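Below you'll find the structure, written out as structure tokens, and then a few comments.
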Amino acid sequence: MEYDVVIGLEVHAELKTNTKCFCACVNSAGQEPNTNCCPVCVGLPGALPVLNKKAVEQTIRAGLALGFNINRTAVFERKNYFYPDLAKAYQISQLVKPICVRGYLQVGNKKLPINRIHLEEDAGKLVHSNDGSTLVDYNRGGVPLIELVTEALEEPHIESADEAIAFLEKLRQVYIYAGVADCIIEKGQMRADVNVSLKPKGSKTYGTKVEMKNIMGFKSVHRAIEYEIARQKDILDDGGVIEQETRKWDDDKGMSFTLRTKENSEDYRYFPDPDLLAVNISEAEIENIRKTMPPLPDQLKAKYMGEFGLSEYDADVLLQFKNVSDFFNECVAEYNQPKTVCNWITTEIMARIKTETGAGPILISKQNLVWLMKNVDNKKINRLNAKDVLSAVWGTEKSAEQEAKARNLIIDIDTNALDEIVNKVVLNNAGVVAQFKAEQDPKILNFLVGQVMKETRGKANAGDVMAKIKELTK
Ligand code: ADP
Ligand code: ZN
Ligand code: MG
């Protein structure tokens, strides 16, 4: 049978703040285990949480970046469950009155509705060692986390693994540009749970969903979804029924396994946290955050394509990494030639920073790159020489101009001197010149240009040289 696929995502992202969500411990990963925690974030009896205002602001910022309505009153609830990495046996989260309600994300030509974004605290981390024992690191406990939940039971919704990944990538980009989260996947700063159901093609009734947890990385999300679609299809084709359950994805085995069945929000016995007051959010606070929102990817893309006349492909390449589009913006502000700047950045710069998982830092100043671009355009330095200079100054404090001068690459040969060299090359290569006159082969012309460039040690402009040779060999 043919089926429609229905996918809902629950995406967690660690917020960028100086301190944790309800205590003064710093919000930073990579420290010695259990050195960055206090009575509040490990949940010692009697310790009282104090809400971090910055975490609320960041949640509002995430919401505004995605067109959400912001609740004027938000409430924190206790979500009760015991797990070794959650020592106080409940997580402070939000159920009934989250900070952000009803937003959307434009992905391709779909405006995908999003149900909510709520603020909660992260749990600690279990570290399984080789000898079979498990260690607990509470450093991550209490780190502010936002959870976003997509709306699967409305049109349009996510309908394939590819669309789910496109959603996650776009969401990650928005969070990064808005400055709310770094979303470094390898560090677990962005994680997704996936809900999948199938229904007979065209049916209005939704099928039973299965949730998959513990998926690390977008590639695994893709595999897990494809696996789940195939698994459900097999069951339905055989006349079976899908049981509502939570499954655990095992990336090494490429399979998922039942974790628990039939679990509802009632099971968590949510109730308002008596230690925390409801949060009142004023119109003025929301406006203030709206006003300080950095330019978002869709706005920048419209500007690059509209005002700057770049292709969609180029705009996407520039926007893929925020440090790249920031650098592009800075260079264009100095040198108002967006196409030229785009060409240099998408080739020379990208080639130097692209890594397997993202982009490294840009190790050249905008002054240096602008100097090189301007002087290539002004025919003061050859493009190839300029690229050598770029390599020489990359990752150093050197000035491109001084480097070009030190290497004697500035084109300063005067017209008379150049004429002299061209004449000499034409005389010395009489046979070749005759052949060129007869065949008009561009390869021969290039050879002659090359000879002149060699004589000038690259200090002439190749275009000018070509014109002169053509003139002399007419
Ligand atoms: P739970 O209470 O089990 O966490 P939610 O109502 O919070 O369920 O939904 C979790 C996610 O699953 C949401 O993204 C929601 O849109 C999605 N979802 C709900 N029903 C279905 C379904 N039948 N098929 C696919 N996704 C679904
Ligand atoms: Zn703490
Ligand atoms: Mg849920």
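Only a predicted model underlies this, so the values are computations on that prediction, with no experimental measurement involved. First listed ligand is number 1; within each ligand, the first listed atom is number 1.
Residues passing the side-chain contact (heavy atoms from CB on, under 4.5 Å) test with Ala278, sequence neighbours excluded: Thr73, Val75. For Trp371, there are no ring pair (Phe, Tyr, Trp, His ring centres under 6.0 Å) partners, not counting sequence neighbours. Partners of Glu334 under the salt bridge (charged side-chain N to carboxylate O under 4.0 Å, His left out) rule, at least two apart in sequence or in another chain, do not exist in this structure.
Taking every heavy atom of Leu153 and a limit of under 4.0 angstrom, the matching atoms of ligand 1 come to 20 (N), 21 (C), 22 (C), 23 (N). Less than 4.0 angstrom separates some heavy atom of Val6 from each of these atoms of ligand 1: 24 (N), 25 (C). Of all atoms in ligand 1, numbered sequentially from 1 with element shown, those under 4.0 Å from a heavy atom of Glu10 are 4 (O), 10 (C).
Distances under 2.8 Å from the Zn ion (ligand 2) pick out the protein N/O/S atoms Cys23 SG, Cys25 SG, Cys38 SG, Cys41 SG.
A donor atom on one side chain and an acceptor atom on the other are found under 3.5 Å apart for Asp131 and Ser133. Side-chain atoms of Ser282 and Glu285 include a donor-acceptor pair closer than 3.5 Å. Looking only at atom types and distance, the side chain of Asp182 has no donor-acceptor partner in the side chain of Gln189 under 3.5 Å away. Looking only at atom types and distance, the side chain of Tyr304 has a donor-acceptor partner in the side chain of Asn329 under 3.5 Å away. Tyr177 and Asp298 share no donor-acceptor pair across their side chains, judged by distance under 3.5 Å alone. If you check the side chains of Glu169 and Gln173, you find no donor sitting under 3.5 Å from an acceptor.
Of the listed residues (Val149, Asn195, Ile158), the one carrying the non-hydrogen atom nearest atom 12 (O) of ligand 1 is Asn195. Closest heavy-atom approach to atom 14 (O) of ligand 1 within the set Ile242, Thr150, Asn115: this belongs to Thr150. When the options Pro113, Ala152, Gly207 are ranked by their closest heavy atom to atom 26 (N) of ligand 1, first place goes to Ala152.
Note on Glu120 versus Lys79: no salt bridge recorded, every NZ/NE/NH1/NH2 to OD/OE distance being 4.0 Å or above.
Checked by distance only, ligand 1 and Ser197 come closer than 3.5 Å through their nitrogen or oxygen atoms. Some N or O of Lys209 is nearer than 3.5 Å to an N or O of ligand 1, by distance alone.
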